[in-house]
Structures are given as structure tokens and as C-alpha cells.
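All residue numbers refer to positions in the sequence shown, counting from 1.
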Amino acid sequence: MIKSSIYGLTLEQLRSWLPEHGQKKSRASRIWEWLYQERVHDFNGMSDVRQECLDVLTEHFTMNSLSEHVKQESADGTVKFLLRLQDGNLIETVLMRQKYGLTVCVTTQVGCNIGCSFCASGLIKKSRDLSAGEIVEQIMHVQRHLDAAGQGERVTNVVVMGIGEPFDNFEHMSNFIEVIKDRKGLALAAKRITVSTSGLPDKIKEFADSSLQVNLAISLHAPNNELRTHIMKINRAFPIEQLMDAVDYYLEKTNKRIMFEYILLRDVNDQRKHAAELAELLSSRKSMVSVNLIPYNPVDEHSQYQRSTEESILGFYDTLKKNNINSTVRMEHGTDIDAACGQLRSKQMKNAEAKADVKTAAKPDASRLALG
């Protein structure tokens with residue numbers, strides 16, 4: 001039987017759950033401390049919690065809903081984890097070392113249905129959402145990796161930018177954020193958490209109305225509908241006009257800045273004319289937005305796209321700056337490993353399929369053997 005991850009419960013949910021199962025509500029805080037401050041690996045490690053309570057927790061929950069399948073470490077300190085879920089599915093989680101701290105990029109779905117034509121994540125269609133516990137456990141797995149190194153390092157920042165569309169898994173994503181923000185747990189500040197969406201207008205508005213108070217990033221990648229639809233099929237359902245209406249709602253409701261992500265694809269969306277069009281699109285909102293320019297990591301399956309030249313990248317950046325649009329060029333991480341999101345998972349799955357094909361081909365033909 002597949003059990004739910006204990007990490008999927010917020011502290012308040014745990015306080016409600018315990019009395020419903022014959023346990024004292026007051027034990028929740030100590031259990032929480034064992035989970036997130038002591039970071040024990042199993043329930044029996046909670047030495048001062050009554051065995052009766054531990055037995056009930058063990059019966060209903062797991063602390064290990066994922067296991068490490070592959071780990072890649074880059075020369076720049078980036079670590080990419082390929083993690084196996086209880087049902088056998090694989091997901092990716094990435095640890096990045098940055099000047100302002102240690103950032104973990106988490107996955108929210110098994111596969112992705114958004115269908116961006118340049119992205120490795122979308123090569124394998126969505127099969128299910130991750131639970132809040134499965135998302136939290138990605139953070140815990142990375143933190144235990146850091147604990148094992150013995151340097152006293154802590155995860156300081158989280159970006160929800162891995163495989164999947166977070167706003168298509170809104171409830172579990174929201175519960176995940178509540179858990180990692182909790183002051184009695186990991187205590188990550190809201191300003192150090194960023195959620196990235198490909199642009200679901202209704203969910204952007206719901207996000208604005210929520211109490212999460214974390215940062216929002218929007219994957220834009222094109223300044224007009226024709227080009228964005230070519231790159232991102234989601235634009236057919238939610239064109240830029242609808243997206244910008246939701247952006248304006250968010251800005252008015254929260255008074256928080258938005259970061260637009262823009263992957264630069266050679267000779268597709270990386271020319272100065274595209275930058276000028278983007279600047280025009282954002283001009284009325286320029287005091288509240290910034291653009292993160294992302295050099296493309298090529299993916300074998302999307303050979304139609306190539307990395308922009310340095311001249312094009314600098315020209316795009318310069319055009320935005322001249323139009324008073326705040327912008328940066330993303331520092332790259334893990335370029336000597338499978339850097340693109342979803343690339344490691346896709347490669348591992350293809351390798352597994354290839355091995356299966358070889359085994360099938362190597363089996364003797366039973367019908368021929370029977371015939372002698």
C-alpha cells in the first residue's frame with residue numbers, strides 16, 4: 001500500500017489529524033520539530049514521542065515517499081537529483097549555489113502538458129500531480145544531502161520552476177508553500193520563494209488573492225501572440241491580452257513585482273526588434289516588472305532551436321535597458337551536466353526503454369523453439 005507523505009500536512013492540519021486518530025493535539029509541535037529541525041529519517045527516531053503515537057503515524061504515513069535514483073554534480077556546485085517516487089515515476093530536483101544562498105528548484109508534476117516547443121520537460125506528458133508531501137520531500141532530500149556534508153549549510157531559497165505547471169496543481173503547491181514557510185519548521189521567508197507559471201490567468205488572480213505572499217515569475221518567451229503561440233501552445237487558450245489582464249490584477253492586488261522569464265532562441269525571438277516589442281508590451285508596467293533573459297540550453301529532441309549568440313543576447317539586453325525595462329541575464333548553472341529542466345529524466349527514461357528493447361530482442365522466439 002502506498003502511504004501519504006507526512007510532509008504533506010501543515011502544522012495546523014497535523015494538529016487536527018492527531019485527535020481524530022486518538023492522539024493528543026499537543027504532540028503536533030514536537031513531531032513537527034523532529035521532522036524539520038532534527039530532520040529524522042523515520043518515525044522511531046522521535047525518541048520523546050509516545051510509541052503509541054509513533055505507531056499511528058507509521059500506520060498512516062511515510063517519511064520516505066521518494067528515493068535517490070541518480071545524482072549529478074557540476075563543477076560549479078550545482079547538484080541535480082533524479083528522484084524515484086513510490087509509484088516508480090521519476091522527477092528532478094536541483095540544488096544551485098548562488099551568491100545570495102542555496103536555491104532548490106522543485107518539481108510539481110510528473111510530466112508536463114503545457115507543451116512549450118523548446119522544453120525537455122514537455123517531452124513526457126503529465127501523468128499526475130505531485131502531492132504537497134512529495135514536493136516538500138524534495139526540499140528535505142536536498143537538506144539531508146547538505147547535512148551529510150557536515151558544513152552546516154541550509155536551503156535558503158526555493159524556486160517552483162521544475163517539471164510541470166505549478167498553477168495546474170494549485171492546492172498541493174499552496175500547501176507546500178505553507179509548510180516550508182512555517183516558522184517552527186524550515187522557516188523560509190516568503191521573499192525567498194518564487195513560483196513560476198506559464199500563464200494561467202484565472203490562477204494568477206487566485207494566487208493574488210491568496211495569503212501566500214511569495215514571488216511570482218511568468219514564462220513569457222515572446223512579445224506577441226503569433227510568436228508566443230508558435231513557441232508555447234498554451235497561448236492558444238490564453239493569449240497575451242488575457243495574461244496581461246491577470247498581470248494587472250496581480251499588480252494592483254498585491255503591489256508586488258513580477259519577473260518575466262524570457263528564453264532566448266537563436267533567430268526566433270532574440271532580435272532587437274523583439275526586445276523593442278517586449279519593451280512596448282511592458283512599458284505601462286515597467287516600474288513593477290523585470291525581465292530575466294535566459295540563454296537556451298539545447299535539447300537533442302528540439303534541434304530546431306539553438307542558443308543565441310552572445311551578440312544577440314547583449315543586443316536584446318541593451319534594447320530593454322534603453323527602454324528603461326529592468327532586466328538581467330541569468331547566470332548559468334550545471335552546464336557540464338544535463339542542464340535543461342527535464343533533460344536528465346528524459347534521458348534516463350530513454351535509456352531504460354532502450355535496455356528493455358535490447359532484452360526483448362535477445363529473448364529466443366518461443367514459437368520457433370516449439371517448432372524445433
Do [X] and [Y] get their side chains close enough for a donor-acceptor pair, meaning under 3.5 Å?
X	Y	answer
E261	S196	yes
D55	Q51	yes
D168	Q109	yes
D87	N89	yes
T309	S312	yes
R15	S29	yes

Can you find a heavy atom in the side chain of [X] that is under 4.5 Å from one in the side chain of [Y]?
X	Y	answer
D270	L265	no
I31	C53	yes
V49	F43	no
V79	R97	no
N215	K256	yes
N297	R307	yes
P295	I313	yes
H145	E68	no

Could you measure the distance from the [atom1] atom of [X] to the [atom2] atom of [Y]? Nearest 0.5 Å is fine.
X	Y	atom1	atom2	value
F260	L320	CZ	CG	12.0 Å
E165	T108	CD	OG1	7.0 Å
Q242	N235	CD	CG	9.5 Å
R272	Y317	CZ	OH	12.5 Å
L216	I258	CG	CD1	5.0 Å
I218	L243	CD1	CG	5.0 Å

Parallel under 30°, tilted from 30 to 60°, perpendicular over 60°: which one fits the rings of W17 and H21?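 Rings of W17 and H21: parallel, under 30°.
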Take the angle between the ring planes of F118 and Y296 and call it parallel below 30°, perpendicular above 60°, tilted in between.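 It falls in the perpendicular class, over 60°.
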Assigning hydrophobic clusters by single linkage (Ile, Leu, Val, Met, Phe, Trp, Tyr; side-chain heavy-atom cutoff under 4.5 Å), is M259 placed with Y249? no
Apply side-chain contact (heavy atoms from CB on, under 4.5 Å) to V158 and F176, showing your working. CA-CA 11 Å; V158 170; F176 155 74; 3.9 Å; yes
Just wondering, more than 12 heavy atoms not from [X] lying within 6.0 Å of its [atom1]?
X	atom1	answer
E241	CD	yes
K191	NZ	no
R128	CZ	yes
E20	CD	yes

Ring centres of Y7 and Y36 under 6.0 Å apart?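 Under 6.0 Å, so yes.
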Between [X] and [Y], what is the shortest heavy-atom contact and its length?
X	Y	value
H221	I263	ND1-N, 2.9 Å
I2	Q86	CG2-NE2, 3.4 Å
M96	C105	CE-CB, 4.0 Å
K24	L18	O-CD1, 3.6 Å
R228	S198	NH2-O, 2.8 Å
Y262	P223	OH-CD, 3.6 Å

Check against side-chain contact (heavy atoms from CB on, under 4.5 Å), D248 and R285: CA-CA 8 Å; D248 291 337; R285 311 165 179 93; 2.6 Å; yes
Polar side-chain atom of [X] near backbone of [Y] as donor-acceptor pair, under 3.5 Å:
X	Y	result
Q37	K184	yes
S117	I231	yes
N157	G101	no
N225	I240	yes
N175	T10	no
D76	T78	yes
H69	R84	no
T328	R330	no
Q143	E153	yes
K3	T58	yes

Between K205 and D245, does a side-chain contact (heavy atoms from CB on, under 4.5 Å) hold up when you go through it step by step? CA-CA 9 Å; K205 293 178 180 179; D245 176 69; 3.1 Å; yes
Apply the test side-chain contact (heavy atoms from CB on, under 4.5 Å) to residues F81 and V142: give CA-CA distance (whole Å), side-chain angles for both, the deciding distance (0.1 Å), then the verdict. CA-CA 8 Å; F81 302 88; V142 175; 3.8 Å; yes
With L281 as partner, the option from L220, V289, N224 fulfilling side chain to side chain contact (heavy atoms under 4.5 Å, CB included) is L220
Partner of V106 under side chain to side chain contact (heavy atoms under 4.5 Å, CB included), chosen from Q138, E134, E137: Q138
With the threshold set at 4.0 Å, does a side-chain nitrogen-carboxylate oxygen contact exist between K322 and D318? yes
